[in-house]
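All ligand and atom numbering here is 1-based and tracks the order in the structure. Keep in mind the model is a prediction, meaning the values are calculated, not measured.
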Amino acid sequence: MKDFSEIKEQVKAKLEAVADGSQLSEFWQSYLGKTGVIQGLMKEMKSVPAEEKPLFGKAVNDVREWAQELYRKKQSEIKALELSHRYERETADVTMPSPVSQGNLHPITLIKQQMIEVFAGMGFEVFEGPEIEDDDHNFTRLNVLKDHPSRDMQDTFWLTEDLLLRTHTSPGQIRTMDAKKPPIKVLVPGKVFRSDSDATHSPMFSQMEGLVVDKGITLCDLQGMLDKFVQNMFSDSAKTRLRPSYFPFTEPSVEVDVSCFECGGKGCPLCKGTGWIEVLGGGVVNKKVLENCGIDPEEYSGLAFGIGIERIAMLKYGISRMGMLFENNLDFLSQFKS
Ligand code: DAH
């Protein structure tokens with residue numbers, strides 16, 4: 001009977017030397033595959049005497065099974081080895097700094113939050129109204145009557161005969177007074193829309209409305225609150241100046257200037273040499289508006305103001321073109337990391 005010990009030695013040695021998956025499949029082809037050494041042993045069957053053929057066949061099968069068993073052992077070793085190499089390669093060090101840069105708040109959001117913070121400190125609550133308004137809230141009950149020339153102060157995007165994109169946050173005054181009895185102290189931040197576009201105007205921008213209704217409210221209260229506001233926004237020594245103006249919903253109406261925080265009032269390019277910068281409009285709430293909301297103007301009075309948030313941001317950050325606040329250029333926006 002033929003002794004297969006030589007082949008067995010070879011199989012052992014070759015398998016021992018196998019170090020990875022491709023060497024393992026080479027081994028399979030050379031020894032266990034169809035054209036491999038062990039299959040080749042069967043060819044010798046021809047020269048084996050007939051009575052020994054069964055024994056010979058069994059011996060070859062035994063060698064094959066033995067070699068297959070060794071092969072499977074090696075195969076699971078190689079698999080485990082390759083997996084551990086892969087784990088090593090793909091390990092992530094979670095303590096490494098992140099390559100992804102962190103975002104930051106938009107300058108408009110920063111200013112809006114700062115404004116809310118200042119007024120919240122004076123006891124204001126925040127209310128937000130709808131961006132689609134009706135004629136009644138946006139105009140008529142604010143004493144901006146139909147066919148009155150003051151309607152042309154704002155170029156309106158009309159949606160239907162009655163509905164429009166709100167041209168200001170002032171309709172928030174009406175909605176607040178409909179919902180609440182005095183004393184009232186609210187801020188209404190939000191987007192507003194006007195058919196208007198140039199370096200300092202955009203068809204969409206943001207405003208912050210303020211409304212106070214209580215007994216004995218005067219223009220002095222307005223100026224006191226706005227002084228606090230500009231000191232917090234611009235500089236501790238900033239003060240305000242009121243100039244007479246006209247808005248249908250306030251009487252008297254004022255345009256509010258802040259003393260130039262760039263030159264301290266001496267005159268510079270930012271304030272165009274005047275020492276003052278216009279920042280917002282306001283006034284004492286028109287009695288007709290209080291009446292339109294069922295509030296007795298003999299008992300209560302109010303003050304109101306409307307601030308353009310982009311305008312404050314442009315002044316504070318020295319931004320010359322309003323478009324920069326809407327174009328979402330990341331180089332520009334990433335400068336506002338707080
Ligand atoms: N709504 C006015 C505008 O958009 C701004 C404004 C002026 C609001 C005076 C007020 C105010 O509340 O009293 O032009």
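At least one donor-acceptor pair under 3.5 Å links the side chain of Arg141 to the backbone N or O of Asn292. Side-chain atoms of Lys14 never come within 3.5 Å of backbone atoms of Phe27 as a donor-acceptor pair (strictly under, hydrogens ignored).
In terms of protein heavy atoms, atom 3 (C) of ligand 1 is closest to Arg194 NH2, 3.5 Å. Of the protein's heavy atoms, Gly306 CA, 4.2 Å lies nearest to atom 5 (C) of ligand 1. For atom 13 (O) of ligand 1, the closest heavy atom belonging to the protein is Thr250 CG2, 3.0 Å. For atom 12 (O) of ligand 1, the nearest protein heavy atom (residue, atom name, distance) is Glu209 OE2, 2.6 Å.
Heavy atoms of Glu255 stay at 4.0 angstrom or farther from ligand 1.
For the residue pair Tyr31 / Gln10, a side-chain donor-acceptor distance below 3.5 Å is found, with atom types taken as modelled.
Using a 4.0 Å cut-off between heavy atoms, Phe249 contacts ligand 1 through its side chain alone, with no backbone atom that close. Heavy atoms of Ser170 found under 4.0 angstrom from ligand 1 belong exclusively to the side chain.
Residues Met314 and Met324 are not in side-chain contact: their nearest non-hydrogen atoms beyond the backbone lie 4.5 Å or more apart.
In this pair, Phe332 and Phe336 present their aromatic rings perpendicular. The plane angle is above 60°, beyond the 30 to 60° band. Below 30°, between 30° and 60°, or above 60°: for Phe261 and Phe234 the angle between ring planes is below 30°, a parallel geometry.
In summary, the atoms of ligand 1 found under 4.0 Å from a heavy atom of Gln173, numbered by their order in the structure, are 12 (O).
When each of His168, His137, Glu209 is checked for a side-chain hydrogen bond (donor to acceptor under 3.5 Å, both in side chains) with Gln173, only Glu209 meets the rule.
Residue-to-ligand polar distances place Ala304 within reach of ligand 1: an N/O pair is separated by less than 3.5 Å.
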